[in-house]
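Notes to accompany the following structure.
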Protein chains: 2
Amino acid sequence: MGLTKTEIFTETQNELAQIAKLFAHPARIAILQHLIAVNACICGDLVDEIGLAQPTISQHLKELRKMGLIKGEVDGTRVCYCIDKIQWKNRVDAFKAFLDQDLNLGQECC
Amino acid sequence: MGLTKTEIFTETQNELAQIAKLFAHPARIAILQHLIAVNACICGDLVDEIGLAQPTISQHLKELRKMGLIKGEVDGTRVCYCIDKIQWKNRVDAFKAFLDQDLNLGQECC
DNA sequence: CATATTAATCGCAATAATACGATTAAAAGT
DNA sequence: ACTTTTAATCGTATTATTGCGATTAATATG
């Protein structure tokens with residue numbers, strides 16, 4: 001086995017896990033932090049900034065783009081990447097709703 | 001290769017990724033949702049509720065506990081699990097701080 | 001004390017994710 | 001046209017994760 005049993009979980013559970021997966025690698029955190037800091041940059045800047053090989057950065061960018069967190073605009077031989085702010089808000093709000101659940105803070109558990 | 005290069009990232013980046021990893025599997029989302037819903041329950045309840053084998057649930061519980069999101073209290077042959085509310089708040093607040101970063105919503109990117 | 005209950009751990013098989021060299025593709029510059 | 005620049009893709013090696021059967025450990029019960 002080793003295969004996640006997607007079919008036994010709710011759609012929400014699978015979606016939350018998929019969003020979380022994007023944040024579950026320091027390289028993608030670093031990419032997002034840099035994009036937020038400089039507003040927009042090209043792939044090569046991220047390679048220099050982060051210190052992973054170009055194909056590796058490209059692969060992480062692909063995943064972030066696949067889930068809609070970022071977008072890339074071709075400009076000659078370069079591709080300019082930035083946060084997709086609308087999609088970011090959608091995804092992140094869904095995730096924050098989960099994190100913000102009421103924990104019955106008064107009640108003791110075990 | 002295939003090894004995440006932890007050493008090239010900041011402590012914050014690695015920590016955020018580690019927290020996110022906990023939420024990056026639907027089984028762990030389901031476990032946390034159930035614990036939040038019923039306040040506390042034993043391992044066997046989660047096995048029945050979620051439909052994965054007992055060793056699999058036990059493994060997920062171990063990871064959640066390792067990072068401090070939940071705690072387990074032995075009670076005879078059973079172990080009662082619940083959200084560790086203090087730790088949950090610590091971890092989740094750190095993560096929300098990242099998600100809530102200012103995106104310069106007015107500014108256009110590319 | 002024998003047995004049942006409950007959960008952890010071991011060991012393994014299978015899939016997923018990470019990383020990068022080599023190559024390709026596409027546009028820009030000379 | 002040739003070369004350079006830039007990023008995507010391919011192929012592959014390696015590590016990580018997931019899942020579970022079998023077993024173990026620990027307590028409870030008859």
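By convention in this document, chain letters (A, B, ...) are assigned in the order of the sequence lines, proteins followed by strands, and residues within each chain are numbered from 1.
Side-chain rings of B/Phe23 and A/Phe23 stay apart, their centers remaining 6.0 Å or farther from each other.
Between A/Gly76 and A/Val74, the shortest heavy-atom contact is O-CG1, 3.7 Å.
Rotation axes derived from the C1' atoms of the five outermost pairs at either end of the helix from C/dC1-D/dG30 to C/dT30-D/dA1 lie 10° apart, to the nearest 10°.
Atoms NZ and CG, on B/Lys21 and B/Asn14 in that order, are 9.0 Å from each other to the nearest 0.5 Å. Atom NZ of B/Lys96 is separated from atom CD1 of B/Ile19 by 12.5 Å, given to the nearest 0.5 angstrom. The structure places CD1 of A/Ile50 at 7.5 Å from CD of B/Gln13, a figure rounded to the nearest 0.5 Å. Note: B/Ile31 CD1 to B/Ile83 CD1 = 10.0 Å, rounded to the nearest 0.5 Å.
Neither OP1 nor OP2 of D/dA16 sits under 4.0 Å from any side-chain N or O of A/His25. When the side-chain nitrogen and oxygen atoms of A/His60 are compared with OP1 and OP2 of C/dA17, none of them lie within a distance under 4.0 Å. For B/Lys21 and D/dT17, the shortest distance from a side-chain N or O to OP1 or OP2 is below 4.0 Å. Look at A/Lys5 and you'll find a side-chain N or O under 4.0 angstrom from OP1 or OP2 of D/dC20.
Distance CD (A/Glu7) to C1' (C/dT15): 14 Å, rounded to an integer number of Å. Between the NZ atom of B/Lys66 and the P atom of D/dA16 there is a distance of 12 Å, given to the nearest Å. Going from atom CG of B/Leu22 over to atom C1' of D/dT18 covers 15 Å, rounded to whole Å. Atom pair A/Ile50:CD1 and D/dA7:P shows a separation of 13 Å (rounding to whole Å applied). Regarding B/Leu52, its CG atom lies at a distance of 15 Å from the C1' atom of C/dT15, rounded to whole Å. With rounding to whole Å, A/Arg28 atom CZ is found 15 Å from C/dA16 atom P. As rounded to whole Å, 17 Å separates atom P of C/dA26 from atom CG of A/Asp75.
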When the side chains of residues 57-70 of chain A are checked against the rest of the protein, which donor-acceptor pairs come out under 3.5 Å, sequence neighbours left out?
{"residue": "A/His60", "atom": "ND1", "partner": "A/Arg28", "partner atom": "NH1", "Å": "3.0"}
{"residue": "A/Glu63", "atom": "OE1", "partner": "A/Arg28", "partner atom": "NH1", "Å": "3.1"}

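Nearer to the 5' terminus of DNA chain C, by closest-nucleotide assignment, is the contact made by A/Ala53 (compared with the other of A/Ala53 and A/Gly76).
Applying the 6.0 Å contact sphere to CD of A/Glu7 captures more than 12 heavy atoms from other residues, nucleotides or ligands.
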Review item, nucleotides 2-11 of chain C N/O atoms under 3.5 Å of protein N/O:
{"residue": "C/dT6", "atom": "OP1", "partner": "B/Arg78", "partner atom": "NH2", "Å": "3.0"}
{"residue": "C/dT6", "atom": "O4'", "partner": "B/Thr77", "partner atom": "OG1", "Å": "3.4"}
{"residue": "C/dA7", "atom": "OP1", "partner": "B/Cys43", "partner atom": "N", "Å": "3.1"}
{"residue": "C/dA7", "atom": "OP2", "partner": "B/Gly44", "partner atom": "N", "Å": "2.8"}
{"residue": "C/dA8", "atom": "OP1", "partner": "B/Tyr81", "partner atom": "OH", "Å": "2.2"}
{"residue": "C/dA8", "atom": "OP2", "partner": "B/Ser58", "partner atom": "OG", "Å": "2.5"}
{"residue": "C/dA8", "atom": "N7", "partner": "B/Gln54", "partner atom": "NE2", "Å": "2.7"}
{"residue": "C/dA8", "atom": "N6", "partner": "B/Gln54", "partner atom": "OE1", "Å": "3.0"}

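Between B/Trp88 and A/Phe98, the ring planes are perpendicular. Angles over 60° get that label, and only those under 30° would be called parallel.
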